[in-house]
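Here is the structure we will look at.
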Amino acid sequence: MHDASSDTGPAFAGPGDASAASAQDHSLPISVKSLVKSYGAFRALDDVSIDIRSGEFMTLLGPSGSGKTTLLMVLAGFVRPDSGSVTFGDKEILLLPPHKRDIGMVFQNYALFPHMTVAENLAYPLKLRRVGKAEIRERVERALDLVQLGGLGHRDIQELSGGQRQRVALARAIIFEPRILLMDEPLSALDKNLREQMQFEVRRLHEQLGITTVYVTHDQREALTMSDRIAVINDGRIQQVDGPRALYEKPETYFVANFIGETFSLPVEVAGDSVTLFGQPIETGAPLAHGDKNQSLILRPEILHMFEGDPDPGMNRLSGKVRQHVFQGDSVVTYVTVEGERELAVRRQHRSDETELAPGSDIQLGWLVQDTVILPEGDGSS
Amino acid sequence: MLRKAATATQITHLQRLWLYVVCALVIVFLVAPTLLVVPMSFSDSRYLQFPPESWSLRWYEAYLGSLEWRRATVVSLQVAGLTMVVATITGTLAAYGLHVSRVKAGKYVSVLLTLPMIIPVILLAVGIFLTFAPVGLNSTILGLVLAHSILAIPLVLITVTAGMRNFDINQEMVARSMGASRPWAFLTVTLPQIRNSVLSAALLAFIISLDEVVIALLIAGGDKATLTRRMFLALRDEIDPTIAAISTLLIGLSILLLALSQFLQSKRD
């Protein structure tokens with residue numbers, strides 16, 4: 001079993017930023033223990049426990065109805081769980097109303113106040129804290145600069161574009177220096193280009209402020225790009241909490257393997273430490289996590305390599321027939337039939353000097369022993 | 001005006017003339033009886049007469065000169081004003097609660113609250129009279145205000161609920177996360193955005209109370225008689241054009257308030 005706490009860090013903008021270090025003292029760790037929340041017979045949260053470090057960017061990733069938003073709403077104080085405990089720092093906050101929790105929130109639909117200008121929106125939390133007029137003006141200016149909206153304070157919300165509204169929502173959530181920032185699919189209403197740009201901005205802002213951030217999304221790419229760690233949630237349960245790279249390369253449950261990335265699975269038989277795939281033994285890099293007899297081999301298009309002869313040493317192999325090539329610009333996906341029926345995909349970088357094997361050719365597929373992932377099907381909570 | 005069909009299937013205004021005539025007749029039928037009192041109120045005759053033979057303002061003078069009529073007017077305005085306050089506050093709170101509530105029973109509560117709109121008012125009036133009698137609320141301003149609020153709350157509820165439909169409740173959640181208590185978040189974020197609906201509902205509540213007669217007939221006795229009650233009783237005793245003058249004033253006020261209410265609703269954001 002690999003180290004479950006391995007933290008591969010964010011995909012860009014490395015840690016150790018000087019300004020983040022000082023801000024981190026201000027933010028708080030979150031500890032969630034044994035949360036249960038039922039709506040009638042439906043268990044939205046089924047014994048959820050998770051520890052979020054101070055200053056960490058934690059993403060809750062899962063399909064709709066998985067419980068990720070319910071968990072966020074429990075943290076915010078808008079949903080009261082049936083049982084469990086939530087601490088910010090060493091303070092139990094489950095019984096605190098939302099307005100006493102000192103959290104910043106960003107919603108998918110921005111939730112800006114349309115009857116106020118941009119500056120009035122930003123001043124709202126400061127006025128509640130009885131900050132003086134001059135200081136409010138100064139902090140609003142600074143917050144607007146931080147999200148690159150300097151000089152737009154007098155604008156009406158209706159005059160702003162979608163991306164600008166999201167920036168205002170973000171600025172409003174951090175202007176009062178909350179200890180924790182909660183975001184509920186904040187970028188899903190934006191178009192693709194803008195979304196990618198905002199992902200970078202949110203991440204940059206997080207680096208700059210070092211605030212503990214809990215980010216909810218159903219978009220795996222967004223989660224992989226932005227997070228320090230990701231908690232994958234399904235059916236009200238946490239499936240796995242890990243860094244993006246560990247989550248992708250070493251999924252611990254069948255659900256995680258299939259939810260993240262493109263996945264193909266083949267049935268394997270397990271007996272002790274030996275694994276057979278279609279009657280052929282295959283190697284595993286590490287001892288298996290589960291002892292079940294019938295499990296699945298998880299293969300991704302980019303870990304597979306095609307050989308006309310034997311695969312390189314140190315690789316597991318599987319023979320198949322080329323069915324079709326699909327040109328995708330930067331890459332070429334080759335669909336390969338194995339064992340007559342089953343189909344796998346192999347992704348390669350596109351190279352103009354390579355010739356493609358004719359459909360129907362016999363080939364060998366190989367993948368590194370260390371990339372071999374074997375998991376039992378089912379909910380994988382064992 | 002389109003006289004000639006541009007295509008084979010287009011219908012010209014001329015071909016639809018019969019439809020316009022029918023519509024005009026319906027409108028006349030609906031409005032004429034109400035407007036009949038206006039010319040009658042300016043009549044010089046001692047009797048209600050249409051069309052009047054000569055014109056004067058004497059019945060308006062009679063109304064303003066009568067202590068009884070003035071007293072009834074004051075009662076009516078007091079009751080309408082207080083009903084407006086009571087019904088608007090309770091109705092708005094109910095609309096808000098039902099809007100944000102995730103309780104399934106909310107639907108039934110909503111129906112229950114609109115029930116006074118479909119129950120015959122005379123039944124409601126009898127019920128209220130019998131309920132008020134042992135606690136001494138008959139012939140009091142408070143009793144009238146409570147009774148009229150029963151009638152006005154459903155309209156406030158419907159009007160404000162319609163206004164809330166466009167409001168994004170996430171805004172209130174954001175306000176609360178930023179440190180606003182729930183009532184403060186409602187007052188500073190929600191209320192300003194449903195303001196027009198609430199004001200429009202308040203005007204409706206005022207009109208309902210001002211024009212109400214059945215309940216007033218049963219429970220508004222003595223010096224707490226409302227204008228409408230006194231008018232009704234006056235009609236029974238003698239046919240006096242003063243009634244026409246008062247009616248004209250009431251119609252004018254109601255139309256004004258209703259127009260204002262509609263205007264506010266159309267400006268809803």
Side-chain angles (χ1 to χ4, degrees), chain A residues 39-40 44 69 72-73 75-80 96-116 120-131 156-158 165 168-186 189 214, chain B residues 88 92-93 95-109 159-202 261 263-269:
Chain A
Y39 294 104
T69 300
L72 195 80
M73 289 298 145
L75 295 181
F78 296 114
V79 169
R80 180 166 290 183
L96 280 184
H99 67 278
K100 291 188 177 155
R101 293 192 179 194
D102 204 18
I103 44 171
M105 271 198 98
V106 181
F107 283 93
Q108 177 187 344
N109 58 1
Y110 323 123
L112 296 174
F113 306 144
H115 58 301
M116 302 181 189
E120 284 165 352
N121 264 274
L122 296 194
Y124 188 86
L126 300 179
K127 279 185 190 156
L128 285 168
R129 285 165 178 74
R130 302 188 192 286
V131 177
D156 278 336
I157 300 303
Q158 288 79 1
R165 288 180 196 200
V168 175
L170 204 54
R172 188 179 60 176
I174 55 173
I175 193 169
F176 58 104
E177 296 174 356
R179 316 260 266 174
I180 284 160
L181 181 60
L182 305 178
M183 295 197 247
D184 186 12
E185 311 226 12
V214 184
Chain B
T88 305
T92 301
L93 288 178
Y96 173 79
L98 289 168
H99 182 74
V100 301
S101 156
R102 271 163 288 179
V103 180
K104 284 201 187 105
K107 245 189 315 193
Y108 304 110
V109 175
T159 310
V160 176
T161 301
M164 294 274 310
R165 212 157 280 158
N166 302 321
F167 175 71
D168 169 23
I169 202 70
N170 279 354
Q171 286 182 31
E172 222 184 83
M173 287 162 79
V174 158
R176 288 162 68 195
S177 78
M178 290 189 291
S181 65
R182 196 164 190 175
W184 188 250
F186 175 80
L187 286 175
T188 56
V189 174
T190 312
L191 192 56
Q193 293 184 62
I194 58 167
R195 191 189 57 195
N196 287 337
S197 301
V198 174
L199 287 176
S200 156
S261 162
F263 171 73
L264 287 170
Q265 276 196 64
S266 71
K267 273 187 54 176
R268 188 186 290 158
D269 18 26

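No hydrogens, no waters, no symmetry mates; every other heavy atom, side chains included, goes into these values. In the text below, chain A, chain B and the rest are named by the order of the sequence lines, each starting its count at 1.
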Next item on the list: Under 4.5 Å heavy-atom distance to chain B, tell me which part of Phe78(A) shows up: side chain, backbone, both or neither.
Entry: both

Note to self: On a heavy-atom basis, which atom in Ala180(B) and which in Leu128(A) lie closest, and how many Å separate them?
What the structure shows: N-CD1, 3.4 Å

Notebook entry, point to check: Given that the side chain runs from C-beta out, which part of Arg172(A) has a heavy atom under 4.5 Å from chain B: side chain, backbone, both or neither?
Noted result: both

Item checked: Under 4.5 Å from any heavy atom of chain B - which part of Leu182(A) -> neither

Notebook entry, point to check: How long is the span from the CG atom in Leu75(A) to the OG atom in Ser177(B), to the nearest 0.5 Å?
Noted result: 12.5 Å

Item checked: Closest non-hydrogen atom pair, Met105(A) against Val174(B) -> O-CG2, 4.4 Å

Checklist line | For Gln171(B), the option from Phe107(A), Phe113(A), Tyr110(A) that meets side-chain contact (heavy atoms from CB on, under 4.5 Å) | finding: Phe113(A)

Checklist line | Under 4.5 Å from a heavy atom of chain A, the part of Asn170(B) involved | finding: both

Checklist line | Ala185(B) to Tyr124(A) - nearest heavy-atom pair and separation | finding: CA-OH, 4.0 Å

Margin query: Nearest 0.5 Å, please: how far is NE2 in His115(A) from CG in Leu191(B)?
Written below: 9.0 Å

Check: If we only count heavy atoms from C-beta on, is the Pro98(A) to Met173(B) side-chain gap below 4.5 Å?
Finding: no

Check: Measuring from Arg129(A):CZ to Met178(B):CE, what's the distance to the nearest 0.5 Å?
Finding: 8.5 Å

